[in-house]
Amino acid sequence: MTDQLRPDGTLRHLITLEGLSRDWMERLLERSQSFVRPLGARPPVSHALAGRTVANLFTEPSTRTRVSFELAAKRLGAHVVNLEVQLSSRIKGESMLDTVYTLQALHVDAMVIRDAEAGVPAAVAANVAPHVSVLSAGEAHLSHPTQGLLDALTVRQHRKRLDSLSIAIVGDIRHSRVARSDYHVFRALGCPDLRIVAPPALMPAAEEFAGCSRHTSLKTGLKDVDVVMMLRIQKERMGQADLPDADRYFAKYGLTPERLAGARPDAIVMHPQPMNRGIEISSDVADGPQSVIRDQVRNGVAVRMAVLEEVLVAGTGAG
Ligand code: NCD
């Protein structure tokens with residue numbers, strides 16, 4: 001894969017969290033925290049990216065991620081263009097390169113990419129000019145680095161340190177890029193008890209998620225955890241035959257107040273959204289006092305501001 005780091009150790013692209021150091025992540029989260037404001041307060045704005053241009057290239061549906069990248073760039077003073085292009089149709093072919101060179105000719109400095117096909121962000125990164133950065137906004141089932149970072153920021157706001165926490169990631173782990181990025185950041189930040197909870201058919205391959213305990217029972221998976229991260233069933237990444245029946249899934253794996261009672265009394269509940277209420281989570285829990293799901297959305301803008309600043313301006317050393 002194209003190296004994410006510049007020769008001087010600063011971050012140029014953000015394609016995966018795998019391999020980034022704990023120090024770098026902690027600094028990035030500190031910086032992100034400085035951009036967080038309470039609801040109702042004015043968000044911070046700066047001119048740090050004045051004259052720079054960020055292009056959003058999303059070929060899969062997105063609401064929160066696209067809007068928050070756009071707001072993050074604008075709040076730092078950048079110009080933003082949103083494009084709908086089919087990059088992956090010919091990853092190595094001319095159409096992808098034409099798009100990349102066209103954007104470069106338009107003085108785009110950062111390309112934010114979401115695509116269902118594995119390898120697209122790295123393929124673009126391998127072809128851009130040296131001053132251009134590529135940020136993944138979701139790559140197939142593999143990686144969603146800014147979501148991982150905003151999830152870690154949300155946990156830290158409620159629990160300070162991750163190195164004494166029990167965290168359960170619950171649901172369609174097999175097809176989830178969020179689970180994979182969460183895994184990398186939670187492990188790097190020292191989470192000692194990381195559990196994945198899923199029906200056997202939605203468990204990842206045995207060689208993935210090393211160091212996590214695996215639970216097919218929601219009850220044992222949630223026992224005494226501090227954080228519950230619920231995931232959506234990724235219908236778009238499985239065939240019709242593999243789709244679990246919604247009612248049966250909710251009966252066994254849906255998060256209800258009764259089931260949440262098996263976690264620590266002060267446990268927080270997270271979900272990257274979009275949520276399927278009544279399938280993986282009940283509305284009582286999604287809107288209840290332990291839910292920090294809206295904090296995750298707010299934190300998404302802060303993390304993306306810190307990442308854009310990091311690749312386009314600061315470069316604090318990622319090695
Ligand atoms: C997630 C995604 O696209 O991977 N959404 C998001 O970015 N918040 C999760 C999902 O689609 O289930």
Side-chain angles (χ1 to χ4, degrees), residues 14-18 32 56-73 82 84 87-88 112-121 135-155 168-186 196-199 202 204 208-209 227-238 242-244 246 249-250 253-255 268-281 285-286 291-305 307-308:
L14 182 59
I15 294 172
T16 177
L17 296 179
E18 193 173 359
S32 304
N56 278 324
L57 296 98
F58 281 58
T59 61
E60 277 194 312
S62 172
T63 313
R64 281 155 291 271
T65 306
R66 196 194 60 68
V67 169
S68 62
F69 261 113
E70 179 168 357
L71 289 175
N82 294 306
E84 284 185 23
L87 285 175
S88 60
V112 179
I113 295 173
R114 168 172 290 198
D115 198 279
E117 196 166 322
V120 172
L135 305 177
S136 168
E139 176 187 1
H141 63 290
L142 291 174
S143 161
H144 193 349
T146 54
Q147 181 74 41
L149 292 167
L150 76 89
D151 288 341
L153 181 64
T154 308
V155 173
I169 307 178
V170 182
D172 183 3
I173 316 276
R174 179 191 284 265
H175 302 104
S176 174
R177 54 194 176 204
V178 176
R180 287 176 175 80
S181 287
D182 283 351
Y183 165 72
H184 290 307
V185 64
F186 293 162
I196 55 176
V197 186
L202 300 180
E208 286 193 279
F209 293 86
V227 178
V228 187
M229 165 69 68
M230 300 304 296
L231 298 174
R232 181 177 70 86
I233 293 181
Q234 306 281 304
K235 299 188 202 89
E236 65 278 30
R237 297 190 217 293
M238 51 181 110
D242 300 325
L243 256 188
Y249 186 84
F250 186 68
Y253 292 98
L255 188 63
I268 55 170
V269 175
M270 303 173 62
H271 192 305
Q273 304 198 67
M275 277 185 279
N276 293 307
R277 293 165 182 262
I279 299 182
E280 70 261 1
I281 190 164
V285 174
S291 168
V292 297
I293 294 170
R294 290 182 197 146
D295 295 4
Q296 289 173 269
V297 180
R298 178 198 60 191
N299 289 334
V301 182
V303 159
R304 289 164 184 131
M305 288 174 81
V307 168
L308 282 167

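Side chains are part of it too, since the values below use all heavy atoms of this structure and drop only hydrogens, waters and symmetry mates. As the structure lists them, so they are numbered: ligands from 1, and atoms in each ligand from 1.
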I need the nearest protein heavy-atom contact for [atom]: residue, atom name and distance, please.
atom                    : answer
atom 8 (N) of ligand 1  : Pro272 O, 2.9 Å
atom 11 (O) of ligand 1 : Arg232 NH2, 3.0 Å
atom 3 (O) of ligand 1  : Arg177 NH2, 2.9 Å
atom 7 (O) of ligand 1  : His144 NE2, 2.7 Å

For this session: For side chain to side chain donor-acceptor pair (under 3.5 Å), just list the numbers for His141 and Arg174, CA-CA rounded to whole Å, side-chain angles, deciding distance to a tenth of an Å, and then say yes or no.
Result: CA-CA 8 Å; His141 63 290; Arg174 179 191 284 265; over 6 Å; no
Part of [X] with heavy atoms under 4.0 Å of ligand 1, whether side chain, backbone, both or neither:
X      : answer
Gln273 : backbone
Leu231 : neither
Ser176 : neither

Problem set entry | Whether Gln234 lies under 4.0 Å from ligand 1, heavy atom |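 Distance cut 4.0 Å: Gln234 passes for ligand 1.
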Exercise. Within less than 4.0 angstrom of ligand 1, does Pro61 place any heavy atom?
Worked result: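 Under 4.0 Å: no for Pro61.
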Exercise. Has Arg304 got its NZ or CZ under 6.0 Å from the middle of the six-membered ring of Phe69, at an angle within 45 degrees of the ring axis?
Worked result: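 Yes, Arg304 and Phe69 form such a contact.
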Problem set entry | Side-chain H-bond candidate by donor/acceptor type, Thr154 with Asp295, under 3.5 Å |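 The criterion, which ignores hydrogens and geometry beyond distance, is not satisfied for Asp295 and Thr154.
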Exercise. Is the closest side-chain donor-acceptor distance between His144 and Arg114 under 3.5 Å?
Worked result: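 Yes - a donor-acceptor pair under 3.5 Å links their side chains.
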For this session: Indicate yes or no for a side-chain donor-acceptor contact from Ser143 to the backbone of Ile15 under 3.5 Å, with no hydrogens or angles considered.
Result: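 Confirmed, Ser143 side chain pairs with Ile15 backbone.
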Exercise. Can you name the closest pair of heavy atoms from Ala140 and Glu117 and give their distance?
Worked result: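 Of all heavy-atom pairs spanning Ala140 and Glu117, the closest is CB-C, 4.0 Å.
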For this session: Would you mind running through ligand 1 and noting each atom that sits below 4.0 Å from a heavy atom of Gln147?
Result: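 Answer, ordered by atom number: 6 (C), 7 (O), 8 (N).
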